Amino acid sequence: MKAILVTACPAGIATSFLVAKRLTQQAEQAGWTLIGDIHSTIAARTVPTAAQIAEAELVIVVASAPVDLAAYEGKRLYRAEMDAALQDPAAVLNAAAAGASPYRHEASAQAPVTSGARKRIVAVTACPTGVAHTFMSAEALENTARQLGYEIRVETQGSVGAQNALTAEEIAAADLVFLATDIEVDMARFDGKPLYHTSTGAALKKTKSELDKAWQQAKPYRHSGGATVKKEEKAGPYKHLLTGVSFMLPMVVAGGLIIAISFIFGIEAFKEEGTLAAALMKIGGASAFALMIPVLAGYIAYSIADRPGLAPGMIGGMLASSLGAGFLGGIVAGFLAGYSAKFLSDKVRLPVTLEALKPILIIPLVASLFTGLVMIYVVGGPVAGIMNAMTEFLNNMGSANAVLLGVIIGAMMCFDMGGPVNKAAYAFGVGLLASKAYAPMAAVMAAGMVPALGMGIATFLAGKKFIKTEQEAGKASFVLGLCFISEGAIPFAAKDPVRVIPACMVGGALTGALSMLFGCELVAPHGGLFVLFIPNAISHVWMYIVAIAAGSLLTGVSYAMLKRAEAPAKLATA
């Protein structure tokens, strides 16, 4: 059979060529003649000649970007999705041979799906750390929306702030607002627009399904009282906690790295007044780390009650810190301040002339008094006792307890790779840094590197079991793992969760256990192996590397053995 293949992807680089290569290989095995019409930004387009088009019995279009098909008027044409062509090219060719139909060109038929071509979506993605999930879900939304024929603009609220910010004009022209956020974002600008909310994980793993649900379930958003949370969504305590953690993290990372730099001059060099080491410790330890708990509490309260909750939250967090209640006290203070401020905002009614005083005077004053008094007379003492007991236990626990804690932390970090369980373990490790308990943070980061590193190792050890795109994803996953971005393993987990997740958890548990057993301590809560280049940022560096390597190898070898090679599909011949 003679056929023409048309490929195009939004970036016009890798995917166009990968699709063409996969389909061409399968076509050659079946004795087909396949001519490529590849749309790319890095190579000139080779357009089939009029004679080649006339001889072609079939045109196959695999495109996630607009393409001009006018030249193929009247030819039998079949459209396929990128993922299907990459994963099972034989099935795509069989379906094309059986299901193609005569193509009728229309002037507006430039998108893969014309029925949705005029629908416009504006989206926002944001995750607590503002790294992997934020940008991976944005990319998934952009690619899938274009495949479905929608116009889309995605704003990412990552660790470097908002990028590709949506304009008022774009929001006004949109038919749908799609929020894939695990933390609170500014909602006032979406007042009156049909809005759908989901998590970054769902947007990444079930993109098409979530977009379909969005059109069916989106409801007009009504912004009231400056609240950032849509009332119908009833955002829970976990989401408020993650919002606080997300704002605290830059403080912790900066402070931890500056403290680590001060250690270059010696572990106790900062004790000598007037030295650079002392100045660095004052910046990182006495300032950045001192702000950790107030920022955590303040932005938990901000998530609950918007700006009126920020001041009482930070005041409560500062009290938690001074009372020795640590990050647990900061969490309690944040929720006390947030819910008291929200109660005042919702329930207190004032004359119109005095209403403007409520958010800047009455709510901060009353909520701060309430939170402060409860922290001093009720919460502070008991929570400080709990924190002291926890810190004492962590600092003096025996090998058996350390290994057990490492196993639990490591398995949690690898269970959902950036999901709620992973983030809970990470928040636990970060919170303990304020109490100078550094061992759990070391176990957290080491285990968090295992899933992505393990998948890279598996694709190297058992390359024949993985298709070409998975092998390429494995290389990228390995690099992400080195950077402590466990989400690099998500494509593998989404496709084969029954085998990938247990393999990752076993490796993560081993790494966490070894890290705790070796007594590794880490002062910088992010950065992966690159942090190790800073002297004294991690104790027992070589044993730490051994722990990471052992768990990663266990995961990689386990999955390489468990992975089933995909049986090649039989291809119909012409």
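Small disclaimer: the values here were computed from a predicted structure and weren't measured.
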Rounded to the nearest 0.5 Å, what separation is found between the OH atom of Tyr544 and the CG atom of Leu514? 12.0 Å

Listed by chain and number, what are the ring pair (Phe, Tyr, Trp, His ring centres under 6.0 Å) partners of Phe289, not counting sequence neighbours? none

Spacing of CD belonging to Glu139 relative to OG belonging to Ser137, to within rounding of 0.5 Å: 10.0 Å

Would you please classify the geometry between the Tyr302 ring and the Tyr299 ring as parallel, tilted or perpendicular, with 30° and 60° separating the classes? perpendicular

Taking C-beta and beyond as the side chain, do Met516 and Val403 meet within less than 4.5 Å on heavy atoms? no

Let me have the donor-acceptor pairs involving side chains of residues 451-462, under 3.5 Å, with sequence neighbours excluded, atom names and distances please.
| residue | atom | partner | partner atom | Å |
| --- | --- | --- | --- | --- |
| Thr459 | OG1 | Met455 | O | 3.4 |
| Thr459 | OG1 | Gly456 | O | 2.8 |

Can any side-chain N or O of His240 pair as donor or acceptor with the backbone N or O of Ala301 at less than 3.5 Å? no

Cut-off 3.5 Å, no hydrogens considered: what does the side-chain donor-acceptor table look like for residues 308-334, sequence neighbours left out?
| residue | atom | partner | partner atom | Å |
| --- | --- | --- | --- | --- |
| Ser322 | OG | Met318 | O | 3.3 |
| Ser322 | OG | Leu319 | O | 3.0 |

Any donor and acceptor pair, going by atom type alone, linking the side chain of Glu155 with main-chain N or O of Leu166 inside 3.5 Å? yes

What pairs meet the side-chain hydrogen bond (donor to acceptor under 3.5 Å, both in side chains) rule with one or both residues in residues 551-560, with sequence neighbours excluded? Asp496-Tyr559

Residues Phe247 and Val295: closest non-hydrogen pair is O-CG1, 3.7 Å

Could you walk me through whether Ile152 and Val154 satisfy the side chain to side chain contact (heavy atoms under 4.5 Å, CB included) test, starting with their C-alpha distance in whole Å, then the side-chain angles of each, then the deciding distance to 0.1 Å, before giving a yes or no? CA-CA 7 Å; Ile152 188 168; Val154 183; 3.9 Å; yes

Is there a donor-acceptor contact under 3.5 Å from the side chain of Ser368 to the main chain of Leu365? no

I want to check something: taking the side chain as every heavy atom from C-beta on, are Phe415 and Pro502 in contact at a cut-off of under 4.5 Å? no

Close side-chain approach of Arg189 to Val124, heavy-atom, < 4.5 Å: yes

Do side-chain atoms of Ser345 reach the backbone of Ala341 as a donor and acceptor pair under 3.5 angstrom? no

Taking only residues two or more places apart in sequence, or in another chain, which ones meet Lys271 in a salt bridge (Lys or Arg N to Asp or Glu O under 4.0 Å)? Glu268

For Ser477 versus Phe492, what's the shortest heavy-atom pair and its separation? CB-CE1, 4.3 Å

Donor-acceptor contact present, side-chain Ser287 to main-chain Lys282, <3.5 Å: yes

List the residues meeting side chain to side chain donor-acceptor pair (under 3.5 Å) with Glu170, not counting sequence neighbours, and say none if there are none. Arg153, Thr167

